[in-house]
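The structure appears right after this line, and notes come after that.
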Amino acid sequence: MDAASPGFLVGHAAHPDWRTALALACAQIEEQRRALEAGDEGPLALGFVYFTDHFAGHAEALLAALRHSHPGVSWVGAVGVGVVASGVEYFDEPALALMLAPLPAGRFEVFSGARKLGRIEADTALVHADAGTPDLPELIAEMSDRTASGYVFGGVASARGRAVHVADGVWQGGLSGVAFSRDVGIVSRVSQGCRPVGPVRRVTACDGHVVQELDHLPALRCLMDDLGIADEGGLRDALPRLRTTLAGLTAESRSPLDRGGQFGVDTLVRHLVGVDPGRQSVAVADLVQPGMRLAFCRRDVEAARRDLVRVCSEIRDEIGSRALPQPEEALATPAARGAGDGAAALMRGAIYVSCTGRGGPHFGGPSAELQIVRRALGDVPLVGFFASGEIAHQHLYGYTGVLTVFSRAERGPPAP
């Protein structure tokens, strides 16, 4: 990494021993640091750490080792069944990814259940959470209300055992993360991964999680029609299809689809948790209210690929629209060449949080999802993880990817 390249430093490695993986990742960061001109970026004060659940039992020791090797750095992160770095993913193997950011201490503030916000005026925040936390969507919305932009991003820790998150300590339960002041340039977008299989309908009768009527018709009848199931006698044979069917929910006042006919950012995809042929109702994994829009849907690889490319292009264009013309030497880096304009020269680093149901297996091969990001966005330093729920705006999503880029450009709103 030369002095003209983005200022965040990334290291990542896979190894059965967490100490070896950490040493390898730290060595990569140290090599990049030596390549920078003295004083080019200032002190590295904030670190992001994501590690797979193979290392969850060593989380406290791992954090202690990071503090020893990087004194004065505040660390935030989470455990996942997989972690990601620039162009690569480590899924279901012992691995970790680190990123160090040269942000002045007064522009961010780490928070957790033991340390409340209050030292800076928070404009937005990276949030990590525990899936077992009661009323998690409400806590995320409350955290959003505490930021000036109303925008938070991040994900829910995922693990087959101990699901922890890191914020200058190792935590279980609740929320933790880091808030940023308005001086920190951030652009963030949500990429949906599902496609509607029928029309967008209106909920006209419901009770809690149970949808009783859609467009004044029995909800189960609507589901069968949208899936092309001929009659109730075929319901048992259609069970495999029902298990792969989801529901996209949108508030009454919001538009469920974007201009391309795909789900927009206001749609939350939820599992179907049951059907009741006797009452002709459908149960979904969220509270439903009359007037909400609902569209039955399925995961769709091609739609997910297109939407991920769209998200990267929007971020690049947003940063580029605020950028001053760049000299030729600033466009000489691989990132700038990949983006084809001066926008990538202003991208300092990125965080990508993807659903555990996405990743290479869903996109067609190992690291395929991260390669799409790399080709579309450029060679930007990036880390992240596969989450059991993705956080963006003030919502808890599923089956999405949340991409957030830190830039040198004067910031605007994180997302439309």
Side-chain angles (χ1 to χ4, degrees), residues 127-146 150-158 163 173-175 190 192-194 196-224 226-227 242-257 263-299 353 355-357 387-400 402:
V127 177
H128 302 116
D130 187 327
T133 301
D135 301 322
L136 182 56
E138 289 78 8
L139 287 177
I140 292 169
E142 180 183 318
M143 186 67 213
S144 168
D145 289 340
R146 298 183 65 185
Y151 190 96
V152 296
F153 61 96
V156 179
S158 63
L175 307 177
V190 179
Q192 297 274 16
C194 293
V197 297
V200 176
R201 302 179 181 272
R202 187 180 298 275
V203 177
T204 49
C206 60
D207 182 12
H209 295 266
V210 178
V211 182
Q212 299 160 328
E213 290 185 0
L214 293 168
D215 297 336
H216 300 287
L217 298 171
L220 183 56
R221 178 72 262 169
C222 294
L223 172 60
M224 293 169 64
D226 292 351
L227 295 181
L242 290 175
R243 293 191 183 102
T244 62
T245 302
L246 306 159
L249 295 170
T250 314
E252 182 177 10
S253 61
R254 303 292 185 177
S255 175
L257 303 179
F263 285 139
V265 297
D266 293 313
T267 298
L268 306 178
V269 175
R270 297 294 186 253
H271 288 284
L272 300 184
V273 295
V275 298
D276 186 340
R279 293 181 173 84
Q280 287 288 293
S281 58
V282 177
V284 300
D286 207 339
L287 293 174
V288 185
Q289 296 179 345
M292 292 182 76
R293 313 288 184 85
L294 185 150
F296 296 110
C297 58
R298 287 203 182 101
R299 296 170 60 199
V353 180
C355 177
T356 55
S388 59
E390 304 80 63
I391 297 169
H393 299 269
Q394 67 272 25
H395 300 306
L396 179 62
Y397 289 87
Y399 299 105
T400 63
V402 178

Pair listing, side-chain hydrogen bond (donor to acceptor under 3.5 Å, both in side chains) test, anchored in residues 204-215, at least two apart:
none

Just how far is it from atom CD of Q192 to atom SG of C355, taken to the nearest 0.5 Å?
11.0 Å

Could you tell me which non-hydrogen atom of G198 sits nearest to which non-hydrogen atom of D226, and how far apart they are?
CA-CG, 4.0 Å

Of all heavy-atom pairs linking A247 and V284, the shortest is CB-CG1, 4.0 Å

What distance separates L175 CG from I391 CD1, expressed to the nearest 0.5 Å?
6.5 Å

May I have the step-by-step check of side chain to side chain contact (heavy atoms under 4.5 Å, CB included) for T245 and L223, ending in yes or no?
CA-CA 9 Å; T245 302; L223 172 60; 4.1 Å; yes

At their closest point, which heavy atom of V353 faces which heavy atom of G154, and how far apart are they?
CG1-O, 3.5 Å

Considering residues at least two apart in sequence or located in another chain, which fulfil the side chain to side chain contact (heavy atoms under 4.5 Å, CB included) criterion with T250?
R254, P256, D266, T267, R293

Hey, mind stepping through F263 and V269 against side chain to side chain contact (heavy atoms under 4.5 Å, CB included) and telling me if it holds?
CA-CA 9 Å; F263 285 139; V269 175; 4.3 Å; yes

Looking at Q289, I'd like to know if its CD atom is crowded, meaning that more than 12 non-hydrogen atoms belonging to other residues, nucleotides or ligands lie closer than 6.0 Å.
no

How many angstroms lie between atom CG of L227 and atom CG of L242, to the nearest 0.5 angstrom?
6.0 Å

L294 side chain near L214 side chain, heavy-atom distance below 4.5 Å
yes

Going by the rule side chain to side chain contact (heavy atoms under 4.5 Å, CB included), which residues pair with P290 if we only count those two or more places apart in sequence or in a different chain?
C206

Which residues share a side chain to side chain contact (heavy atoms under 4.5 Å, CB included) with P218, sequence neighbours left out
R221, Q280

Roughly how far, to the nearest 0.5 Å, is the OG1 atom of T133 from the CD atom of E138?
11.5 Å

Nearest heavy-atom approach of A219 to S281 is CB-CA, 4.4 Å

R270: side-chain hydrogen bond (donor to acceptor under 3.5 Å, both in side chains) partners, not counting sequence neighbours
D286

Describe, in one word, how the ring planes of H395 and Y397 are oriented to each other, choosing from parallel (under 30°), tilted (30 to 60°) and perpendicular (over 60°).
perpendicular

So Y151 and S144, side chain to side chain contact (heavy atoms under 4.5 Å, CB included) or not? Walk me through it.
CA-CA 6 Å; Y151 190 96; S144 168; over 6 Å; no

Below 3.5 Å, can you tabulate the donor-acceptor pairs from side chains in residues 271-279 to any protein atom, sequence neighbours excluded?
| residue | atom | partner | partner atom | Å |
| --- | --- | --- | --- | --- |
| H271 | NE2 | Y399 | OH | 3.2 |
| D276 | OD1 | G278 | N | 3.0 |
| D276 | OD1 | R279 | N | 3.2 |
| D276 | OD2 | R279 | NH1 | 3.2 |

Any idea which heavy atoms bring C194 and L246 closest together, and the distance?
SG-CD1, 3.8 Å

For V156 and L136: C-alpha separation, side-chain torsions, deciding distance, then whether side chain to side chain contact (heavy atoms under 4.5 Å, CB included) applies.
CA-CA 10 Å; V156 179; L136 182 56; 4.0 Å; yes

Minimum-distance pair of heavy atoms, taken over all atoms of G173 and D130
N-OD2, 2.7 Å

Rounded to the nearest 0.5 Å, how far does OG of S388 lie from CG of L396?
8.0 Å

